[in-house]
Amino acid sequence: MEKLQSLRGMVDLLPEQTALWQQVEACARQQFRRAALAEIRTPILETTELFARGIGAATDVVGKEMYTFEDRSQRSCTLRPEGTASVVRAVLQHGLLSQGPQRLWYGGPMFRYERPQAGRQRQFHQLGVELLGFGDPRSDAEAIAIAWDLLMALGIGSLSLELNSLGDAADRALYREELVQWLEARRHQLDPEAQARISTNPLRILDSKSTDTQAVLAEAPLLADSLSEASRQRFNRVRQALDQLGIPYQLNPRLVRGLDYYTHTAFEITSAELGAQATVCGGGRYDGLVEQLGGAPTPAVGWAIGLERLVLLLSTTKTSDGLVQGPRPDVYLVSRGEAAELQALALAQQLRRGGCAVDLDLSGAAFAKQLKRADRSGAPWALLIGDGEIDQGVVILKNLRHSGEQRLDPQGAVKMLLAELCDAGPQSLHPQT
RNA sequence: GCGGGCGUCGCCAAGUGGUUAAGGCAGCGGCUUGUGGUGCCGCCAUCCGGGGGUUCGAAUCCCCUCGUCCGCCCCA
């Protein structure tokens, strides 16, 4: 029989990895709370139209990477390839903007039908922030700062922030015309992909990784030169704010980004340690999207972080090695004999209700076996109960670090363990040495 | 969608045409029928991702396929 397997590009996170993920998520939540962001959760499945309209039909994401299928009523559905469109849809659907600007974060799985490689899977996870209803240049800087500080708080080093301004719709239209003209004149020097893009999405040619294409582009007109005075000033104010915040960045006039909805500020945070898929965080301003999806014109800025890539960085970085440990029980309950096993069950419940992490051995195996497992579990304490203890009305509280043990009445042992626990907090659960 | 590398036990890994497919870790059992962490003993792939083919004979050669990894495209 064929072995059952997960779908290509869909990976399991096993217990030894989830501890690190939980740490990242906890850190993010803390940062988001400090930044006064509220969480929003939207469905993973949306109408295909949402993404077609929101992200742009000419983009690769919509053109060839979506998981799209018809449901039982022949409605075209798509597994979300990114989060922003859904968040804007939800905000509009529930009229949240009528209560004022929204400071939101979201997280969860995204789906893109691509060939898996390092740092890229078909189901991956993002954490994103959207500031809706904010047009001030300071909000661009603040959004970036939230991302930057989160990455710093996680202890990720060697990151670089690349920054560009795409201007507003008018600037882009103007520049697009100029660029197309320039490209047409050199069509024969471009690779086939770039040639095809001249008509579909010329700006995307700019950040091509092809060295040949880049060589040709060296002389190309720059978007920065087509920006209106207002756009230019706006960009300067964003940069000023970043300077004020002490966040280092590099201007990258070729940074365009793949989704159609970006305007003005576009940015990427990359790491040299990630291989080909170097972008950890990408985002920017999207002043046109809310209107595009049927709302009133509303300025907005946001970004998304790829969690797989983040975790990849954290497990590569030496400093974080060994810091994250899976859950260890505080107490391991060993019991043998019918009455003892029942009492152990009850004590486990009592200890857990008291806040103690308890692993209960259900095997009924020999004491030696159970003790061995107790040792492996990493628990600092074991509670042993057998027929002898039942007869005497005691339990054995054993310190697995020092091998000391004492016989106590059951309630005395519970009190002792809970005191160890609660008085000094979780740290005290793991006696040193 | 395209290019290249790889695919032997849960994990790591020897083996590169010839009778029973090393070893290590983990797991299980025992030495120790109620006391762990060390030690010792035993068990743990009729099978080498799957399917065809070549051969007297293949995990070892060929083809197809699937998976995986790396890169391209693109993105988080």
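Note: hydrogens, waters and symmetry copies are ignored here, and every other heavy atom, side chains too, is used. A note on names: the letters A, B, ... follow the listed sequences, proteins ahead of strands, and every chain is numbered from 1.
As rounded to whole Å, 10 Å separates atom P of B/G36 from atom CG of A/Asp375. Atom-to-atom, CG of A/Leu383 to C1' of B/G34 comes out at 15 Å; the value is rounded to the nearest Å. We find that CD of A/Gln277 is positioned 11 Å from C1' of B/C70, with the value rounded to whole Å. Here B/U65 presents its P atom at 18 Å from CD of A/Gln5, a figure rounded to the nearest Å.
No salt bridge links A/Glu219 with A/Arg186; every basic N to acidic carboxylate O contact stays at or beyond 4.0 Å. Electrostatic pairing of A/Arg53 and A/Glu49 counts as a salt bridge here, judged by a charged N lying under 4.0 Å from a carboxylate O.
Nucleic acid contact for A/Ile396: base, since at least one base atom lies under 4.0 Å from a heavy atom of the residue. Among the atoms of the strands shown, base atoms are found under 4.0 Å from some heavy atom of A/Arg309. Counting non-hydrogen atoms under 4.0 angstrom, A/Gly9 reaches the backbone sugars and phosphates but no base. When heavy atoms are screened at a 4.0 angstrom cut-off, A/Gly283 is found touching no nucleic acid atom at all. Among the heavy atoms of the strands lying under 4.0 Å from A/Ser403 is at least one base atom, whether or not backbone atoms are also near. Residue A/Gly388 is in base contact, counting any heavy-atom pair closer than 4.0 Å across all strands shown. Using a 4.0 Å heavy-atom cutoff across all strands shown, A/Glu389 reaches at least one base atom of the nucleic acid. When heavy atoms are screened at a 4.0 angstrom cut-off, A/Ala374 is found touching no nucleic acid atom at all.
Between A/Gln117 and the phosphate of B/G71, there is a side-chain N or O to OP1/OP2 separation shorter than 4.0 Å.
Without hydrogens or angle criteria, A/Asp171 side chain to A/Asp168 main chain gives a donor-acceptor distance under 3.5 Å.
Put simply, the side chain of A/Arg115 and the base of B/C72 share no donor and acceptor less than 3.5 Å apart. Taking only distance into account, the side chain of A/Glu65 never meets the base of B/G1 through a donor-acceptor pair shorter than 3.5 Å.
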For nucleotides 26-31 of chain B, give me every protein contact, N/O to N/O, under 3.5 Å, one pair per line with atom names.
unit_1, atom_1, unit_2, atom_2, d
B/G27, OP1, A/Arg376, NH1, 2.4
B/G27, OP2, A/Arg376, NH1, 2.3

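Using atom P as the reference point in both B/C40 and B/A13, the two lie 25 Å apart (nearest Å).
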